[in-house]
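Working notes for the structure below.
Only this structure's heavy atoms are used, side chains among them; waters, hydrogens and symmetry mates stay out.
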Amino acid sequence: MATPPPPTSSLMIDQEAPPPPPPRKKIKPTITNWILLSIYLTCATVGGVGAPLLQRLYYNHGGNRKWFMCFLQTVAFPFLIIPLSAAASPSPKRILTMEPRLFHSGALLGLFSGALSYMNSIGLFYLPVSTYSLISCTNLAFLALFSFIVVKQKFTFYSVNAVVLLTLGALVLALHSSSDRPVGVSKGQYLLGFLITLGAAVLAGALFPLIELTYIKCRRPVDTVAVTQFQFIMNLFSTVICTVGMIINNDFQVIKREAAEFGLGETKYYVIVVALAVFWQLTTVGMIGIVHCSTSLFAGITGSIMVPILLVAGVITFNEKFTGEKGMSLALCLWGFVSYFLGEYKTTDKESQANEFDNKEVHANEFDNGEAA
């Protein structure tokens with residue numbers, strides 16, 4: 001008589017997992033998937049536009065705690081318990097179980113994300129919102145490269161063209177970067193902000209393909225519960241590294257004094273801080289969710305689409321200069337977006353025509369077999 005296997009632990013991480021599934025296929029455009037994708041897109045857009053504007057507002061009126069701003073990008077992760085509980089309501093025990101591979105990847109990528117958050121905080125400290133957004137959009141070029149290396153994303157003429165145009169857009173700003181420095185920012189600090197923001201774009205380009213690879217390597221189907229658990233662990237570890245940075249930099253002791261001296265008043269200081277935490281969390285939830293419902297490359301495209309919105313919002317909200325260089329950079333970025341979407345449309349159209357042809361062949365063979373019988 002066979003000896004029964006020992007019981008597995010279900011506290012946080014499962015010790016056993018079923019055999020690995022076949023490679024993750026492209027998600028079919030079901031109604032549920034479209035609804036989820038729409039929700040994630042809304043979260044990413046609202047957060048991705050609102051958070052940088054609020055952070056620039058914080059810096060403009062006396063705030064200067066970079067680690068604190070980094071901390072706010074992930075500290076609202078406990079609110080993920082609400083959607084996690086709702087998604088796991090049919091089987092509440094799933095909240096406490098998680099595949100080891102998903103947990104370990106979430107922890108490592110959370111530390112990676114914490115470093116990325118700090119780089120973004122420095123970039124927004126030294127750069128206008130419009131310039132920051134244009135440089136950040138170059139992450140699409142790096143994301144395409146890492147998608148090809150990590151998840152074997154196929155390149156087309158249109159995607160390569162988009163990468164080149166977005167890179168040129170950043171170079172235009174790099175060569176003519178001295179005309180829109182914020183008040184009190186030196187040329188050296190401006191250049192530092194530019195380089196760090198460009199570096200953050202490189203890291204962000206690697207982050208989403210690594211998240212997609214994590215989903216592919218999972219031994220269990222990745223559903224909404226698994227994605228929310230992954231976000232929770234990733235944000236938890238990112239918050240840990242930012243908390244350590246705040247402790248070393250004595251940010252916790254300075255917050256009260258900074259609030260009292262804030263240019264818009266103490267009450268608005270705390271309102272901005274809370275709003276920043278909410279908007280950044282919406283951004284994270286939206287972008288990671290888009291990778292689940294689509295691909296990492298589409299997540300990068302979504303982030304890049306926000307650039308024109310954020311550029312215009314920065315010019316309107318903070319009266320930032322809309323220079324000729326920014327106009328040229330924006331035109332190159334938009335050209336890159338159009339090129340990418342045109343390529344995706346043509347690729348999808350070819351695939352649908354090929355599928356339709358295959359279906360006709362199958363029906364024809366079935367008909368011939370029926371007549372022969």
Side-chain angles (χ1 to χ4, degrees), residues 47-48 50-80 103-127 129 132 135-136 139 182 184-185 188-208 210-211 230-262 269-270 272-285 287-288:
L53 290 174
L54 284 172
Q55 193 159 327
R56 185 67 251 176
L57 183 67
Y58 163 84
Y59 288 141
N60 283 355
H61 292 278
N64 62 3
R65 313 311 298 181
K66 302 179 192 70
W67 273 113
F68 183 39
M69 290 296 100
C70 172
F71 175 79
L72 290 177
Q73 293 185 31
T74 54
V75 72
F77 73 91
F79 287 104
L80 289 172
F103 178 86
H104 297 146
S105 296
L108 290 173
L109 291 176
L111 298 176
F112 184 90
S113 178
L116 178 60
S117 298
Y118 183 64
M119 294 174 75
N120 283 325
S121 296
I122 295 176
L124 273 168
F125 185 77
Y126 292 128
L127 300 176
V129 171
Y132 167 84
I135 299 170
S136 296
N139 80 326
V185 175
Q189 290 172 329
Y190 188 98
L191 180 60
L192 176 65
F194 182 93
L195 293 175
I196 289 179
T197 303
L198 191 60
V202 176
L203 293 182
L207 180 62
F208 291 123
L210 289 173
I211 292 173
F230 179 76
Q231 291 175 346
F232 188 93
I233 296 301
M234 187 174 165
N235 286 353
L236 170 62
F237 278 84
S238 181
T239 302
V240 168
I241 193 173
C242 295
T243 303
V244 172
M246 285 188 68
I247 293 172
I248 294 173
N249 203 41
N250 295 321
D251 280 6
F252 287 107
Q253 291 88 336
V254 177
I255 289 174
K256 189 173 181 180
R257 175 170 57 82
E258 186 177 74
E261 297 173 355
F262 192 62
Y269 176 89
Y270 289 113
I272 290 172
V273 164
V274 172
L276 268 170
V278 172
F279 277 118
W280 279 124
Q281 191 60 51
L282 284 174
T283 307
T284 304
V285 169
M287 297 304 284
I288 296 178

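In Phe112, the CZ atom is crowded: over 12 heavy atoms of neighbouring residues, nucleotides or ligands sit closer than 6.0 Å.
Considering only heavy atoms from C-beta on, Tyr126 stays 4.5 Å or farther from Tyr190 through its side chain. When side chains are defined from C-beta on, Leu203 does not count as touching Leu207, because their heavy atoms never get closer than 4.5 Å. Using a 4.5 Å heavy-atom cutoff, the side chains of Met69 and Tyr59 are in contact. Between Thr284 and Phe77, every side-chain heavy-atom pair lies at or beyond the 4.5 Å cut-off. A heavy-atom distance below 4.5 Å is found between the side chains of Leu80 and Gln281. Between Tyr58 and Leu124, the closest side-chain pair of non-hydrogen atoms is not below 4.5 Å.
Screening residues 54-65 for salt bridge (charged side-chain N to carboxylate O under 4.0 Å, His left out) gives Arg65-Asp251 as the qualifying pairs, with residues at least two apart or on separate chains. Screening residues 237-248 for salt bridge (charged side-chain N to carboxylate O under 4.0 Å, His left out), with sequence neighbours left out, gives no hits.
Remark: Cys70 SG to Trp280 CH2 distance equals 10.0 Å, nearest 0.5 Å. Here CG of Asn120 is found 5.5 Å from CD of Gln73. Values are rounded to the nearest 0.5 Å. Atom CG in Asn250 sits 11.5 Å away from atom CD1 in Ile255 (nearest 0.5 Å). Separation of atoms CE (Met234) and CG (Leu111) is listed at 10.0 Å; rounding is to 0.5 Å. A distance of 5.5 Å separates CZ in Phe68 from CE in Met246, rounded to the nearest 0.5 Å. Residue Thr197 holds its OG1 atom at 9.0 Å from CD1 of Ile122, rounded to the nearest 0.5 Å.
Scored by the ring-ring contact (aromatic ring centres under 6.0 Å, His included) test, Phe71 finds no partners at all (sequence neighbours excluded). Residues that satisfy the ring-ring contact (aromatic ring centres under 6.0 Å, His included) test with Phe279, not counting sequence neighbours, are absent from this structure. Considering only residues two or more places apart in sequence or on other chains, Phe262 meets the ring-ring contact (aromatic ring centres under 6.0 Å, His included) condition with Tyr269.
No donor-acceptor pair closer than 3.5 Å links the side chain of Gln55 to the backbone N or O of Leu276.
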Contacts table for residues 236-245: side-chain donor-acceptor under 3.5 angstrom, sequence neighbours left out:
residue	atom	partner	partner atom	Å
Ser238	OG	Gly114	N	3.3
Thr239	OG1	Thr74	O	3.3
Thr239	OG1	Thr74	OG1	2.9
Thr239	OG1	Asn235	O	2.7
Thr243	OG1	Thr239	O	2.7

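Note: Trp67 and Tyr118 have parallel aromatic rings, judged against thresholds of 30 and 60 degrees for the angle between ring planes.
Smallest separation of non-hydrogen atoms from Ala277 and Val75: CB-CG1, 4.1 Å.
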